[in-house]
Number of protein chains: 2
Amino acid sequence: MTTPQQLEADLGWALLAVLRSYREISEALLAGLPGGPRGYHVLTTAATGEPPSQLALARKLGVDRTVMTYLLDDMEKGGLIERRPDPADRRARRITVTEAGNAALCDVQRALRTAEETLLEPLDPEERPVLRHLLYRLATRADPQRTETTCTEAEKLTGDAPAC
Amino acid sequence: MTTPQQLEADLGWALLAVLRSYREISEALLAGLPGGPRGYHVLTTAATGEPPSQLALARKLGVDRTVMTYLLDDMEKGGLIERRPDPADRRARRITVTEAGNAALCDVQRALRTAEETLLEPLDPEERPVLRHLLYRLATRADPQRTETTCTEAEKLTGDAPAC
DNA sequence: TATTGTTATACTCTATAACTATA
DNA sequence: TATAGTTATAGAGTATAACAATA
């Protein structure tokens with residue numbers, strides 16, 4: 001029979017399986033959002049700090065810049081983001097999140113928080129933050145610039161009311 | 001500023017980022033294998049226990065059965081697997097791993113083991129098995145039948161020599 | 001000359017539908 | 001009638017190439 005060490009050897013399989021579960025439970029939540037899961041990542045990235053260029057967004061999400069054009073087209077039509085000219089470089093466009101975009105982001109974030117806890121339910125309550133912490137440290141190692149929007153932060157940037 | 005709790009909130013992002021790193025470092029390893037990452041998963045699944053049907057494999061990998069046909073075509077051409085008629089159901093085919101397939105599986109598994117440790121290097125040595133364990137428990141929750149091939153087991157099944 | 005963003009095109013991947021053979 | 005597997009076709013998603021504007 002296989003030992004626990006051997007059972008836990010296939011890290012890639014485990015990662016993929018967990019991500020697949022995550023996608024299943026979050027799919028419904030993100031279905032209404034223009035751009036889906038990617039649209040959500042664009043919102044979280046664009047809502048924090050300096051409005052990023054399209055190219056910076058594309059690199060951060062790991063997609064081609066042409067894909068980013070189509071994605072932002074949808075999100076702009078949906079009223080979630082705006083393309084503003086970069087005063088320092090007239091080739092580039094800065095992606096800013098609209099009020100509606102911030103509202104949508106907050107809604108989705110709250111729903112995702114619940115969905116994530118559902119995903120982690122098989123673990124003991126004290127194990128859940130451990131997994132989050134370890135995963136996050138690995139993830140930021142791969143992308144050290146990463147910072148995350150919180151609802152309150154997003155609202156500060158737009159000068160918006162609470163609601164979140 | 002964001003607190004650690006807030007920073008670690010986006011589980012989906014962290015999972016995806018880590019999986020992306022994993023794919024980067026394993027890409028080269030799996031490039032030569034017919035079927036790539038999926039071919040590897042087919043090998044690990046088919047090398048353990050009863051040779052599965054194509055449909056069972058498709059469900060386990062989360063792909064359409066037509067995709068499985070093409071995937072197995074490539075792997076059969078590459079000499080890694082064989083399609084054998086199921087004696088109990090002449091519609092179905094049992095996928096068995098050839099000797100060459102087992103050898104390839106062992107090679108890839110050994111290389112992946114190293115690659116995984118590279119991925120986990122940012123963590124302290126005692127944290128690495130913790131992450132593996134937590135991820136694996138979540139993953140098996142989603143797919144409770146999961147068992148994993150070990151090289152020695154695969155060799156037992158084919159009556160093969162060690163080499164791994 | 002290189003870079004940002006857009007558009008058109010081609011390619012890859014995946015799913016749908018129709019078929020054969022079994023059950 | 002339903003299921004396992006195959007094949008052909010259509011669709012979605014993605015990348016490549018060419019372009020305009022700017023650096």
Side-chain angles (χ1 to χ4, degrees), chain A residues 16 19-20 23-24 26-27 30-42 45-46 50-78 80-97, chain B residues 16 19-20 23-24 26-27 30-42 45-46 49-78 80-97 145:
Chain A
L16 188 63
L19 186 63
R20 213 147 66 192
R23 280 176 173 154
E24 272 167 30
S26 65
E27 202 173 8
L30 297 167
L33 194 75
R38 281 180 175 168
Y40 168 67
H41 284 301
V42 166
T45 307
E50 274 297 288
S53 71
Q54 299 191 187
L55 195 60
L57 276 172
R59 287 206 239 266
K60 197 142 240 167
L61 296 206
V63 301
D64 196 85
R65 60 189 175 141
T66 63
V67 174
M68 188 52 65
T69 297
Y70 304 133
L71 178 57
L72 293 176
D73 284 349
D74 290 345
M75 297 182 70
E76 199 169 31
K77 271 174 215 151
L80 301 180
I81 57 105
E82 277 176 2
R83 294 190 235 226
R84 297 193 180 164
D86 184 334
D89 183 345
R90 288 197 296 171
R91 294 171 303 179
R93 300 175 174 216
R94 300 248 168 214
I95 304 307
T96 60
V97 180
Chain B
L16 188 62
L19 186 63
R20 211 148 66 194
R23 279 176 174 155
E24 272 166 30
S26 65
E27 203 172 7
L30 296 168
L33 193 75
R38 282 180 175 168
Y40 167 68
H41 283 301
V42 165
T45 307
E50 276 295 288
S53 71
Q54 298 190 188
L55 195 60
L57 275 173
R59 287 206 240 265
K60 196 141 240 165
L61 295 208
V63 300
D64 195 84
R65 62 190 174 141
T66 63
V67 174
M68 187 53 65
T69 297
Y70 304 134
L71 178 57
L72 294 176
D73 284 349
D74 290 343
M75 297 181 69
E76 200 169 31
K77 270 175 214 149
L80 301 179
I81 57 107
E82 277 175 2
R83 293 189 236 226
R84 296 194 182 164
D86 184 334
D89 183 344
R90 290 198 293 173
R91 293 171 304 180
R93 301 175 174 216
R94 300 248 168 214
I95 304 307
T96 62
V97 180
Q145 283 92 357

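Values below: every heavy atom of this structure, side chains too, minus hydrogens, waters and symmetry copies.
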Novice: Looking only at the side chain of B:T66 (C-beta and beyond, no hydrogens), which of the listed nucleotides C:dT7, C:dT16, C:dT14 gets closest?
Specialist: C:dT16

Novice: When you match A:R65 and A:A88 each to their closest nucleotide on DNA chain D, which lands nearer the 5' end?
Specialist: A:R65

Novice: Short of 4.0 Å, heavy atom to strand atom, which residues of residues 68-77 of chain B count as contacting DNA chain C?
Specialist: B:Y70

Novice: Is there a donor-acceptor pair under 3.5 Å between the side chain of B:R94 and the backbone N or O of B:P51?
Specialist: yes

Novice: If you look at every strand shown and take non-hydrogen atoms under 4.0 Å, does A:R94 touch a base, only sugar-phosphate, or nothing?
Specialist: nothing

Novice: Looking at C:dT14, I'd like to know if its phosphate oxygens (OP1 or OP2) sit under 4.0 Å from a side-chain N or O belonging to B:R38.
Specialist: yes

Novice: With a 4.5 Å limit on heavy-atom distance, are the side chains of A:L57 and A:R65 in contact?
Specialist: no

Novice: Got A:D86 and A:R93 here, is their nearest side-chain heavy-atom distance under 4.5 Å?
Specialist: no

Novice: Name the first nucleotide and the last nucleotide along DNA chain D (5' to 3') that come under 4.0 Å of a heavy atom in chain B.
Specialist: D:dA2 to D:dA8

Novice: Taking atom CD of A:E24 and atom CG of A:L19, what is their separation to the nearest 0.5 Å?
Specialist: 10.5 Å

Novice: If you assign B:S53 and A:D89 each to the DNA chain D nucleotide with the nearest heavy atom, which residue ends up on the more 5' nucleotide?
Specialist: B:S53

Novice: Please check the phosphate of C:dT3 (OP1 and OP2 only) for any side-chain N or O of A:R59 closer than 4.0 Å.
Specialist: no

Novice: Nearest whole Å is fine: how far is C:dT6 P from A:L57 CG?
Specialist: 12 Å

Novice: Should the side chain of A:R91 and the base of C:dG5 be counted as holding a donor-acceptor pair, with the cut-off at 3.5 Å?
Specialist: no

Novice: Within the 4.5 Å heavy-atom criterion, are A:I95 and A:E82 side-chain neighbours or not?
Specialist: no

Novice: Once you round it to whole Å, what is the distance between P of C:dA17 and CG of B:D64?
Specialist: 12 Å

Novice: Got B:T96 and B:I81 here, is their nearest side-chain heavy-atom distance under 4.5 Å?
Specialist: no

Novice: Check this for me: A:R23, atom CZ, are more than 12 non-hydrogen atoms of other residues, nucleotides or ligands nearer than 6.0 Å?
Specialist: no

Novice: Would you mind reporting whether B:V67 and B:R38 have side-chain heavy atoms less than 4.5 Å apart?
Specialist: yes

Novice: Applying side-chain hydrogen bond (donor to acceptor under 3.5 Å, both in side chains), can you list everything that pairs with B:T66, at least two apart in sequence or on another chain?
Specialist: B:D64

